[in-house]
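The structure is given below, and queries will be raised subsequently.
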Amino acid sequence: MTGFTLADLEARIAERASASPEESWTAKLIAAGPERAAKKFGEEAVEAVIAAVKGDRAELIAESADVLYHLLVVLKSRDIALQDVLSQLEARTARSGLAEKAARSG
Ligand SMILES: N=c1c2ncn([C@@H]3O[C@H](COP(=O)(O)OP(=O)(O)OP(=O)(O)O)[C@@H](O)[C@H]3O)c2ncn1[C@@H]1O[C@H](COP(=O)(O)O)[C@@H](O)[C@H]1O
């Protein structure tokens with residue numbers, strides 16, 4: 001597939017959020033509440049870490065997809081738009097990560 005973006009996935013999640021929890025994983029997670037979605041996101045993140053440490057490329061790609069999908073579900077469950085996260089990232093492009101870290105640690 002080409003041209004598929006995180007914004008497309010966000011729209012798909014918003015669409016499925018109102019489906020029946022019996023037929024949609026997204027709806028099931030959202031119905032279970034932000035804590036459940038966050039727990040699932042954490043589990044997927046750990047699986048991505050394990051794949052990265054192992055150096056298993058295919059597994060890391062698959063687990064990264066799970067992480068991104070579940071992060072978007074967490075954001076949806078807390079009514080945060082992907083654009084809010086992107087705006088935060090855009091603001092950070094004004095300076096390097098090292099300069100930002102130095103400013104934070106005082
Ligand atoms: N990208 C995804 C996506 N990635 C992962 N998953 C689901 O995330 C779940 C978690 O997988 P695991 O194997 O870790 O967990 P599990 O063993 O099934 O669950 P547990 O019982 O252990 O909690 C699986 O059911 C996967 O199918 C996803 N479910 C949905 N999407 C997207 O959301 C759309 C809508 O899906 P539905 O909401 O299910 O219609 C899909 O068309 C996709 O575009």
Side-chain angles (χ1 to χ4, degrees):
M1 182 189 280
T2 55
F4 186 72
T5 67
L6 287 179
D8 293 332
L9 182 58
E10 182 189 41
R12 178 100 179 106
I13 287 168
E15 199 180 281
R16 296 302 286 159
S18 53
S20 154
E22 280 86 56
E23 64 180 32
S24 161
W25 172 255
T26 310
K28 190 176 163 188
L29 263 186
I30 287 173
E35 296 83 357
R36 172 77 183 122
K39 181 170 178 280
K40 201 70 212 169
F41 169 64
E43 288 171 15
E44 301 301 347
V46 169
E47 284 169 17
V49 168
I50 293 168
V53 170
K54 278 199 313 199
D56 185 327
R57 183 182 162 84
E59 200 178 312
L60 180 54
I61 290 171
E63 297 300 346
S64 297
D66 282 351
V67 168
L68 291 174
Y69 162 78
H70 284 90
L71 174 58
L72 291 182
V73 174
V74 168
L75 293 176
K76 170 73 182 161
S77 73
R78 285 298 189 194
D79 288 325
I80 294 170
L82 173 62
Q83 189 53 55
D84 292 337
V85 178
L86 295 177
S87 295
Q88 181 81 239
L89 285 170
E90 187 178 22
R92 291 180 189 175
T93 62
R95 61 178 168 179
S96 88
L98 290 178
E100 191 276 334
K101 188 174 164 64
R104 255 192 295 131
S105 53

Q.
Please say yes or no: joined through hydrophobic side-chain contacts below 4.5 Å, possibly via intermediate residues, are Leu71 and Ile80 part of one cluster?
A. yes

Q. If every non-hydrogen atom of Ala48 is compared with every non-hydrogen atom of Val67, which pair is closest and at what distance?
A.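 That closest heavy-atom pairing would be CB-CG2, 3.8 Å.
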
Q: Answer yes when Glu35 and Lys39 have at least one side-chain N-carboxylate O distance shorter than 4.0 Å, and no when they do not.
A: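 Salt bridge flag = no for Lys39 with Glu35.
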
Q | Close side-chain approach of Trp25 and Lys28, heavy atoms under 4.5 Å | A |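 When only atoms from C-beta onward are counted, Lys28 and Trp25 do touch, with a gap below 4.5 Å.
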
Q) Do you know the tightest heavy-atom contact between Ala27 and Ala19? A)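 So the two residues come closest at CB-O, 3.3 Å.
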
Q. At what distance, to the nearest 0.5 angstrom, does NZ of Lys40 lie from CD of Glu43?
A. 4.5 Å

Q | Single-linkage hydrophobic cluster, 4.5 Å side-chain cutoff, Ile13 and Leu86 together | A |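 Same cluster.
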
Q: Drop me the distance from Arg16's CZ to Ile30's CD1, to the nearest 0.5 angstrom.
A: 11.0 Å

Q: Evaluate the side-chain proximity of Leu68 to Leu72: yes if any heavy-atom separation is below 4.5 Å, no if none is.
A: no

(Q) Tell me the closest heavy-atom pair linking Ala31 and Pro21, and the distance in Å. (A) CB-CG, 4.3 Å

(Q) Given 3.5 Å as the limit, does a donor-acceptor pair link the side chain of Ser24 with the main chain of Ser20, or not? (A)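 Not at all, since once roles are kept as given, no pair shorter than 3.5 Å links the two residues.
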
Q) Nearest 0.5 Å, what's the CD-CD distance between Glu63 and Glu47? A)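 Interatomic distance, Glu63 CD to Glu47 CD, rounded to 0.5 Å: 4.5 Å.
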
Q. Counting only heavy atoms not in Leu98, do more than 12 sit closer than 6.0 Å to its CG atom?
A. no

Q.
Given 3.5 Å as the limit, does a donor-acceptor pair link the side chain of Glu44 with the main chain of Asp66, or not?
A. no

Q: Considering only NZ, NE, NH1 and NH2 on the basic side and carboxylate oxygens on the acidic side, decide whether Lys54 and Glu59 come within less than 4.0 Å.
A: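 Judged by the 4.0 Å cut-off on N to carboxylate O distance, Lys54 and Glu59 do form a salt bridge.
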
**Q.** Minimum heavy-atom distance Lys76-Ala14, with the two atoms named
**A.**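 So the two residues come closest at CE-CA, 4.1 Å.
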
Q) When hydrophobic residues are tied together by side-chain contacts of less than 4.5 Å, even through go-betweens, does Leu29 share a cluster with Leu6? A)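 Same cluster.
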
Q: Applying side chain to side chain contact (heavy atoms under 4.5 Å, CB included) between Arg92 and each of Glu90, Gln88, Arg95, report the one that passes.
A: Gln88

Q: Report yes or no: do Phe4 and Ile61 belong to one cluster of Ile/Leu/Val/Met/Phe/Trp/Tyr joined by side chain heavy-atom distances under 4.5 Å?
A: no

Q: Using the rule that two of Ile, Leu, Val, Met, Phe, Trp, Tyr join whenever any of their side-chain heavy atoms come within less than 4.5 Å, decide whether Val53 and Leu60 are in one cluster.
A: no

